[in-house]
Amino acid sequence: MVRLKGKLTVTKKTSSSKLKGVVAEEPLERIFTLEWHFYIALGVFLGVYVKCTSASIPSGDAGDFIMAAHHFGVAHPPGYPLYVTLGYIWMKLLPFGSPAFKLNLLTSMIGGLAATIVYITTYKITNFIPSAVFASTVFGFSHLVWFHSVGAEIFSLNNLFCALLLYWVVRFQRAAVTNRARVAMEASFLSGLSMCNQHTSVLFISVVGSWMFISLLRDKAITAKQFACTGAIFTLALLPYIQLPLSAYFAGAPNTWGDHRTLSGIWKHFVREEYGTFRLQAQDGLSSDFLGNLRMYTRDVIKELGILTLLLCAACLTTVWHFSHIKTIVYVYAANIGVYILFFCNQANVDLSAKEFNKGVLERFWMQANIPVSIIAGCGMWCLYSFIAERWKVEKLHYLLGLVALLVGTHQIRRNLTSCELNNNFIMRDFGRNMLDAVPRNGVLLVQGDMPSIITSYLRYSENYRPDVDVVDQELIGFNWYKSMIGPRFNHYIFPYDREVYFKEIQIRREEKEPFSYNFLDVFDVHRMAGVALYVYPLEMREGDESWTEIYEIVPTSMVFEVRHKEDSYSIEEFLDIADQRLKFDTSHINCDSSLYPVRSWEHLIADKCGAQAFLPAIYAQVKFTEDETAYIKPHNRPLMIKIFNFYRHACDTMTVRLEDGTTKMLFKPDHNNYYGIMAYLLYQNYLSTEEFAEAGKYARVMNYQLETYMRRNDEGKDVKEDYKDIKSVLAGAMKQFPDLETNKDYDMVKLGI
């Protein structure tokens, strides 16, 4: 052994050319035990995560989990019973905060514990503080992990179990051969519990379990009785799934998923039959793109963890064979990464070409693979340290690497703090409240899509917001269990066939109809007969169901859309009056600037939708107005045209953000400009007297042409600066010619006579 000035202990090469490595006898290591390392790391991560915890309902599936935990209900498949049960107990114990905040806080604490286990695992492997700091901060403060640790999501608990499983790999490898069977039983218990949360953990379980089992057989360190006990312990750990039938029989949750009163119902939920087992989405015909998914993971791991992390991983994997005491551990971790990435890339059936948001759905599942990647990178830092310290006798190198680890962690915090600080993020709550506020008293809101359904259901059934409104999921009412499990909680929603008279009428019209396989014509009819106001969101109904289109119309009077029989259709004047009253409130306190949120996030998507929504009444009014082809040349229609024009003005006000320096930013999308361009054409043609008709039309036609050119070239990714100038020039001429069409001078983008 060679001691370098009391700082380093170096083991020379043995005859087998293997290195034990360098152990840095740092001052901190003389003071702090492993327990102190745990408490300090936990304090750091909890301090950051709790500060950033979302104060209201976050995005994603959070609302579903909050409702399930609040009412002891069942979340979407596979149910996540452990997370729901922990949340239910935690909500009962915590005396303050909304249901959303309570579960958000619990998730933050679990996330902080997961990052701490990454620190402890790396430190146990290397006994090197810089490695542990690097691995835990590069993982814990990456955007994905941080963002999904401060809102109610199951990913934090999955990260915790996967990190614990990797920690148990170290325990198993370092344990005496006679004790390894007991360690394997402990790992089996952890594995069973993890399967009560997120099923992707089975990929880690398969690798770690196979390695432990082979090792035990090789060393003849397990008996048949111990093997049977290990399996029994795993089965016992699945006990949290008893939450599903308990909820079905006793909870009476107002919003739950599936009928779990039978073993077949529980099994169907466990294997995600309604979603598709081993699939992310339930769409038929949507296959996975292995190479596309793999390319995405490669790009995302660099973005999330940094290129230095991958370089350190490469350094570890190419040098670790020198270090016999950590070699096996690193190889098991690498096998976990390989199996997980290959399997997931092959099975993830998400259309990455459709929109950026779809990538956000997929990228959340990379977190599990990033745990061993981060730990291997930390081991890589220690391997480099050992080689350099032995060959060149560099003193105080551990201080330099400690500084590097701290700088990397600080960089992660600075880079991701803005997007992960959700304590003032209320866009989801505001969006849901606006939807519910737009429904008249004792009405029914039919929603479609994860976000609209989850947000409004949470507000209605967990915060008791608008208790007079029934929120009904369009996509679930087709399941037989929905009526039996959820139907009794509704006050106003009527399932077709509930009324004998209506049943007879519908049988005459559709004799071969199966129970509960009704379409939306049936739904609309029965509510019209009962006098119940029916509203829908979004504007599109269930794909392929056009049964209602000849008899009913969907009217965009506000943030949600009113279902009206065409016999009761609004006149354009009535529609404008109603929409004017509702819409100004609907969008008055939602910030539609989607650039404030990550492009792959739900928040980004919702902000875009809020802005686009403001244009729909103007578009609807314009279409109704021009059903009469001569309407735009009738002088008495001029006030009506101005009123429609003002709807576009309001929509554009909604899409305008005033910046701190006093300037404004327009949040236009090309299709919004197109809608306005059509209306502007009519206005410019008819705003003035007949004598000036030709001149007004000239400006309108030129402007419309410039708009179309601008949008086309913008979609093609070409430089549109000159097109932008051309549009402004045409508009300037129009404003000079017709001063009473003065625009809002605050707008600094395409000034369209708004």
Side-chain angles (χ1 to χ4, degrees), residues 39-70 75 80 82-84 86-119 136-137 139-160 163 197-198 360 364 367 409 412-433 451 454-455 458-459 462-463 591 596-598 601-604 606:
Y39 293 132
I40 292 172
L42 183 62
V44 170
F45 287 110
L46 282 185
V48 175
Y49 283 4
V50 170
K51 179 184 182 300
C52 298
T53 297
S54 178
S56 183
I57 177 174
S59 58
D61 297 321
D64 186 33
F65 297 129
I66 299 167
M67 282 188 292
H70 185 221
Y80 311 95
L82 181 60
Y83 183 71
V84 169
L86 290 174
Y88 176 76
I89 296 170
W90 173 256
M91 286 186 186
K92 294 296 183 183
L93 294 176
L94 195 65
F96 60 88
S98 66
F101 174 75
K102 290 180 179 181
L103 195 58
N104 294 339
L105 183 61
L106 176 63
T107 306
S108 295
M109 296 167 66
I110 294 172
L113 184 57
T116 302
I117 298 301
V118 172
Y119 176 97
S136 59
T137 55
F139 171 76
F141 295 130
S142 62
H143 168 75
L144 283 176
V145 174
W146 192 349
F147 186 84
H148 292 289
S149 293
V150 293
E153 271 286 3
I154 46 83
F155 295 106
S156 283
L157 189 56
N158 185 63
N159 291 341
L160 175 60
N197 185 54
Q198 188 170 336
R364 302 173 300 168
M367 283 184 277
Q412 286 283 77
I413 293 174
R414 292 185 61 186
R415 186 164 68 106
N416 297 315
L417 177 61
T418 301
S419 62
C420 296
E421 196 168 20
L422 303 184
N423 50 3
N424 288 313
N425 183 354
F426 295 97
I427 185 171
M428 294 296 171
R429 182 201 66 183
D430 294 342
F431 178 66
R433 285 183 176 181
M451 274 301 92
I454 289 172
I455 296 169
Y458 162 74
L459 291 170
S462 286
E463 291 196 1
N591 189 340
L596 297 174
Y597 311 103
S601 68
W602 279 106
E603 286 85 352
H604 183 96
I606 292 299

Where do F45 and S136 come nearest, in terms of heavy atoms and distance? CZ-O, 3.5 Å
If the test is ring pair (Phe, Tyr, Trp, His ring centres under 6.0 Å), which one of Y458, Y88, Y80, F155 qualifies with F65? Y80
Atom CD1 of I154 and atom CG of N159: how far apart are they, to the nearest 0.5 Å? 9.0 Å
For the atom pair CD1 (I427) and CG (L422), what is the distance rounded to the nearest 0.5 Å? 12.0 Å
Yes or no on side chain to side chain donor-acceptor pair (under 3.5 Å) for S59 and E603, after CA distance, side-chain angles and deciding distance? CA-CA 7 Å; S59 58; E603 286 85 352; 3.1 Å; yes
Atom pairs and distances, donor-acceptor, side-chain atoms in residues 139-148, under 3.5 Å, two or more places apart:
| residue | atom | partner | partner atom | Å |
| --- | --- | --- | --- | --- |
| S142 | OG | F139 | O | 2.7 |
| H143 | ND1 | S419 | OG | 3.1 |

Might you work through the side chain to side chain donor-acceptor pair (under 3.5 Å) test for Y49 and T107, ending with a clear yes or no? CA-CA 9 Å; Y49 283 4; T107 306; over 6 Å; no
Tell me, do L113 and I110 make a side-chain contact under 4.5 Å, heavy atoms counted? no
Is any side-chain heavy atom of Q412 closer than 4.5 Å to a side-chain heavy atom of T137? no
Before you tell me yes or no, could you show the steps for M91 and I66 under side-chain contact (heavy atoms from CB on, under 4.5 Å), namely the whole-Å CA-CA distance, both residues' side-chain angles and the distance that decides it to 0.1 Å? CA-CA 10 Å; M91 286 186 186; I66 299 167; 4.1 Å; yes
Candidate pair L417 and C52, rule side-chain contact (heavy atoms from CB on, under 4.5 Å), full reasoning: CA-CA 8 Å; L417 177 61; C52 298; 4.0 Å; yes
Nearest-0.5 Å distance, SG of residue C420 to NZ of residue K51: 12.0 Å
Taking all non-hydrogen atoms of both residues into account, name the closest pair between W602 and M451 and its distance. CE3-CG, 2.7 Å
Pairwise side-chain contact, L157 with Q198, heavy-atom cut-off 4.5 Å (strictly under): no
Locate the shortest heavy-atom distance separating S56 from R429; write the atom from each residue and the value. OG-CB, 3.3 Å
I454 and G60: which non-hydrogen atoms are nearest, and at how many Å? CD1-O, 3.8 Å
Indicate the atoms forming the closest heavy-atom contact of P58 with N104, along with that distance. CG-OD1, 3.3 Å
Would you compute the distance between atom CD1 of I89 and atom CG of L94 and round it to the nearest 0.5 angstrom? 13.5 Å
For A114 and A163, which heavy atoms make the closest approach, and how far apart are they? O-CB, 4.1 Å
Distance (rounded to the nearest 0.5 Å) between D430 CG and I606 CD1: 11.5 Å
Side-chain heavy-atom pair R433, E463 within 4.5 angstrom cut-off: yes
Could you work out, with ring pair (Phe, Tyr, Trp, His ring centres under 6.0 Å) as the rule, every residue matching Y119, not counting sequence neighbours? H37
With sequence neighbours left out, write down each residue that passes side-chain contact (heavy atoms from CB on, under 4.5 Å) with F101, or none if nothing qualifies. T53, F96, S98, L105
